[in-house]
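Letters A, B, ... mirror the listed sequences (proteins, then strands); counts begin at 1. Note that these values count all heavy atoms, side chains included, but never hydrogens, waters or copies made by symmetry.
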Amino acid sequence: MAMEKNFNAKTAEARLYEAWDAAGCFKAGANAKPEASTFCIMIPPPNVTGVLHIGHAFNNTLQDIMIRWKRMQGFDTLWQPGTDHAGIATQMVVERKLAETQQPSRVELGREEFLKKVWDWKGESGGTIINQLKRLGASCDWEREAFTMSGAPGAPADVAGGNFHDAVIKVFVEMYNKGLIYRGKRLVNWDPHFETAISDLEVENIEVAGHMWHFKYPLAGGATYTYIEKDEDGNVTLEEERDYISIATTRPETMLGDGAVAVHPSDERYAPIVGQLCEIPVGPKELRRLIPIITDEYPDKDFGSGAVKITGAHDFNDYQVAKRGGIPMYNLMDTKAAMRADGKPYAEEAAIAQAIANGEQEFDEAMIAAMNLVPDEYRGLDRFEARKKVIADISAEGLAVMVETTRKVKDLDGNESEVTETVPYVEAKPIMQPFGDRSKVVIEPLLTDQWFVETSKIVEPALEAVRSGKTKIMPESDKKVYFHWLENIEPWCISRQLWWGHQVPVWYGFDSVGAWEHIYAAVQSDAQLDEDRLKTEVLSSFATTSFCASSFDTCLDAAEPHYGAGWTIVETNSLEEAYTVFAQNAALGKKVAPLYRDPDVLDTWFSSGLWPIGTLGWPDQTPELEKYFPTSTLITGQDILFFWVARMMMMQLAVVDEVPFDTVYLHGLVRDAKGKKMSKSTGNVVDPLEIIDEYGADALRFTNASMASLGGVLKLDTKRIEGYRNFVTKLWNAATYGDFKGTFEVPHSDAIPDTALPLNKWIKGEIAKTREVVDEALEAYRFNDAANALYAFTWNTFCSQYLEFTKPVLDDGTDAEKAETKATYAWALDQILILLHPIMPFVTEEIWGQKERPNMIVHAEWPSYAAADLVDAQADADLSWTVAMIEAIRSARAQMNVNAGAFIPLVVKGMEPAAKAAWEQNEALIMRFARVESMTHVDELPKGTVALAVSGGTFGLPLEGVIDVAAEKARLEKTLGKLAKELGGLRGRLNNPKFAASAPAEVLEETRANLALREAEEAKLNEALARLAELG
RNA sequence: GGGCGAUUAGCUCAGUGGUAGAGCACUUCGUUGACAUCGAAGGGGUCACAAGUUCGAACCUUGUAUCGCCCACCA
């Protein structure tokens, strides 16, 4: 059966993938040799609702190359696939979908119903990206497909992937019990759009145009002081009486929550007023708060006025200062970052705050957190609206620092004049502003209760593993990045105020006895009980207690002894419900302890941090966990080094005391042809599926491999993909040639064919060399080296040379020669297919399948022959000489404009024995491919002979009559010029006594041999030039 | 502000002490029995700049310039 004229990627890819899948080719351990070592890769799980982008395509191509390579080598391989539930991203997508289809919103639906919608959407779209990975050719063990939310309560029964959920919860409980996870009120990055905390890493600091305002905080009671500014030499440059302290801020709206003004302890300008109180110049005049002027190391004397307002609840620096100085941190905003509208009226709250500032009242965290110091007229305003109002109010009152400016004005007649005005001092300056990486809204530091991993306690093993080389990070330079981050690691905020995710396994209850007795007593004594009042009192006055356990049932093991006999423990859904149940029962004298579960879910990266052990079945000691963990190689993007890689290192070491992988290979972002980031708004996004449709998956894969140099920038140019598509065609045509010549009729054999012809001996050696280069490259993760070596070998050596050279033999050789050559061609092509298969699985499998085979190429035996065994030095030298001869003749012909079809004579003087032997073996090749009609031995080269720079004799083409003397002279002189340059370098080196003394012997020898060769060449060319002169 | 990296042919990039490379683009020629998604032959580079180490530097060292990326609390 003759092969198709072209490889039809579209139809073949689907058919071949189906065949691999059906035959179970990708299953864990498929094609493993007995007693094989294992090789395991964990896929970086894509978002379950995501679609394949070019970065995935690149990343997964590299993984597939490694896996297919190792599988063919007979390793026991596992490529573990799966998807990530992607908390924020997925919740966002589903909420958007609800809005687009006019369905009830998330809040309207309630938690349980909303989660059903998310699971529905997961079911609908979850298979998309997996199918797209299959189109790329990814050879994952799909039966093991995992999902980070599998096994979660509410998961539909048909969600496969084991029980990742329980593993995550178990880790949380264990880490909690070890004191590695704690809950606390901390200042966190708050995303006002999603209304959740996010981690430091999910914040992008972006420079935006901002303003800095300067305001006066009047001193309490109209006090004054002498403000003195000095220059560097101590000369007084400004001296004035002031009744205020000047403050610079980029966030005026947070003034409402100021707890102090801080200056540097060594700042002499403010020394006279340290310890005094000053007034926050905003809010109802009669209720203005006074705050102390304190000292702290934080303020920079040379920046702004040197005085900083301290708003502990809305700024990370201020938070530290406030903590150090015991300054109250007043929370001003709600979860949407609008000014709070809850709590008592401003007058009441301000009075308490004033008492605190005066030192007349004790305060604690809970009390401060409950206070709302937003003046009534600001309540409910968005933070940016509030900012405008603060600025306007202060300016109106004349408490903005003023500055003189001049500007030009035109009167009605068009005459220009300058006017000098005094205006509020506002500096326009670029400021770094934090944005949520998903929501793109400005992050608000917010004081909230959150769960944290005490990373400082688990970071050390993760550092040590890389320091010691137990886990290797490539490229080297990323090691430093890893160290730097881990050495300065901050606590990891793992709670998210979302619904889609692993719910924190902690149950809260009222601390029983006191609260119960309080309510019981209140109900008994007061018939006119104010229920709201009682509730507030109970909720704020009685500490809650908490139990961390993997489920409500196991939670009881701790809760029952805690409450003691006589208490009935029940689960409720919320704090509200818990209170109602508690109070109603208390009123009746019943001791019921309601527990409710923490509503927060865990950061998605907390669960994906457990991906290596979780997908292998931990905590069960499954055979797969036993066999494949620790895994071999992680291939992923640099951008998730901190998010994921570092955390997997920490988590695996903390949970199972073992590194998750031997090697981490990190790569950059795939960019467009010009090096720009791909983005929808720029419109330069390349869709890998469109590429596959147009050029085939193999072309895309080969492009990916060839781009993957260690640490390189990845610029994807479709011209390049087109080039590799052409390569696929080239390979296909080499196969059709074989088919045409009958090499597909040679029965399949893994054995290296016996060869007598130099041609066939030579190609065996070339194949072996290539195999070594490819293996070495892949061993070192140098995918580009492997790809380039295969490309060059296939195109140049195999197609341009070997394939051409088989033609004379297959046309005119003896039967034995033909048989040997067919067998060798068949074998050599098989080797190319095998070596190319990890990079281009489809076309290689398709060609492989043109012949009866014991197995598919996906399970073919990866070769191990060495160049040392297969290279035949004699054949190698003969063929090199032959190729050089052909090229020299072709070059001379082209430049002398000899008719391409014409056969011409060749003459030689003083042919050396080695050349003679080579000629005899390969005469047919030279005659055919250089179009030579005869070779004549002569004593002198005739006039008008074009010289050939080939070793082993003085060769020439007698072209008298055809020759263009001037052109030939120019050609020779040009070559001589190049030669002279080289000779100069070589002689210079050899004449330098220090070179002889210092250079290694082999370099010395090589240089000498090279010089001799070049000198001989030069002599021949000079001779030729002389002959030309006679002619001219 | 700190860290990391890059600078090599017109373009995109390999090359990390021993004769400067590839693909694309370009020029000329070619309907040769695998292939025009091709073949043959070519042109094209002070390896950013400067100093140093070395017998020898694109490669090592130092500095400069330009461009990227990551991290960072200057109100």
Query raised in the report: Using a distance-only test with no angle check, is there a side-chain donor-acceptor pair under 3.5 angstrom linking Lys730(A) and Thr794(A)?
Result: no
Query raised in the report: So what does Arg893(A) hit on the nucleic acid, given a heavy-atom distance under 4.0 Å: a base, only sugar-phosphate, or nothing?
Result: nothing
**Report entry** Asn189(A) versus Glu202(A), side-chain donor and acceptor atoms under 3.5 Å
**Finding:** no
Query raised in the report: Nucleotide by nucleotide, 5' to 3', does protein get under 4.0 Å of the base (B), only the sugar-phosphate (S), or neither (-) in nucleotides 54-59 of chain B, counting heavy atoms?
Result: -B----
Query raised in the report: So, Lys309(A) and Thr311(A): side-chain donor and acceptor under 3.5 Å apart, yes or no?
Result: yes
Query raised in the report: Taking the P atom of each, how far is rA6(B) from rG17(B), in whole Å?
Result: 15 Å
**Report entry** With Tyr425(A) via ring-ring contact (aromatic ring centres under 6.0 Å, His included) - residues at least two apart
**Finding:** His214(A)
Query - Of Tyr791(A) and Asn897(A), the one whose closest RNA chain B nucleotide lies more 5' - result: Tyr791(A)
Query raised in the report: Taking atom P in both rA20(B) and rC59(B), what distance in whole Å separates the two?
Result: 13 Å
**Report entry** Intermediate values then yes/no, side chain to side chain donor-acceptor pair (under 3.5 Å), Ser891(A) and Gln895(A)
**Finding:** CA-CA 6 Å; Ser891(A) 178; Gln895(A) 282 172 70; 3.1 Å; yes
Report task. Would you kindly say whether Tyr298(A) and Asp318(A) are connected by a side-chain donor-acceptor distance under 3.5 Å? Result -> no
Requested in this report: Round to a whole Å and report the spacing from CE of Met707(A) to P of rG15(B).
Outcome: 15 Å
Query - Separation between the P atoms of rC71(B) and rU19(B), rounded to whole Å - result: 42 Å
Query raised in the report: Between rC26(B) and rG45(B), how far is it from one C1' atom to the other, in whole Å?
Result: 16 Å
Exercise answer: donor-acceptor pairs, residues 992-1006 of chain A side-chain atoms, under 3.5 Å, sequence neighbours excluded:
residue, atom, partner, partner atom, Å
Asn992(A), OD1, Lys994(A), N, 2.9
Ser998(A), OG, Lys994(A), O, 2.6

Requested in this report: Both distances under 3.5 Å, Watson-Crick or G-U wobble: report the partner of rG18(B), or none.
Outcome: rC55(B)
Report summary line: Quick tally for nucleotides 69-75 of chain B: nucleotides whose base has a protein heavy atom under 4.0 Å get B, sugar-phosphate-only ones S, the rest -, giving S--BBBB
Report task. Could you tell me the separation between the CZ atom of Phe483(A) and the P atom of rC4(B), rounded to a whole number of Å? Result -> 14 Å
Query raised in the report: Does the distance from a Lys or Arg side-chain N to an Asp or Glu carboxylate O, for Asp811(A) and Lys741(A), drop under 4.0 Å?
Result: yes
Requested in this report: Do nucleotides 33-43 of chain B as a string where each nucleotide becomes B, S or -: B if the base has a protein heavy atom under 4.0 Å, S if just the sugar-phosphate does, - if no protein is that close.
Outcome: BBB-BSSSSSS
Query - Watson-Crick or G-U wobble partner of rU7(B), both distances under 3.5 Å - result: rA65(B)
Report task. Using atom CG of Leu666(A) as one end and atom P of rG5(B) as the other, report the distance to the nearest whole Å. Result -> 14 Å
Report task. Please report the shortest heavy-atom distance between Ile394(A) and Met255(A), naming the atom on each side. Result -> CD1-CE, 3.5 Å
Requested in this report: For rU27(B) versus rU66(B), give the span between their P atoms, rounded off to a whole number of Å.
Outcome: 37 Å
What side-chain donor-acceptor pairs closer than 3.5 Å can you find for residues 699-707 of chain A, not counting sequence neighbours?
residue, atom, partner, partner atom, Å
Arg701(A), NE, Ile839(A), O, 2.9
Arg701(A), NH1, Asp64(A), OD2, 2.8
Arg701(A), NH1, Leu136(A), O, 3.0
Arg701(A), NH2, Asp64(A), OD2, 2.8
Arg701(A), NH2, Pro838(A), O, 2.8
Thr703(A), OG1, Ala699(A), O, 2.7
Asn704(A), ND2, Thr61(A), OG1, 3.1
Asn704(A), ND2, Leu700(A), O, 3.3
Ser706(A), OG, Phe702(A), O, 3.4
Ser706(A), OG, Thr703(A), O, 3.0
Ser706(A), OG, Arg720(A), NH2, 3.1
Ser706(A), OG, Tyr724(A), OH, 3.3

Query raised in the report: Given the P atoms of rC11(B) and rC60(B), what is the spacing between them in whole Å?
Result: 24 Å
Requested in this report: Assess the pair Tyr737(A) and Tyr825(A): is the distance between their ring centroids shorter than 6.0 Å?
Outcome: yes
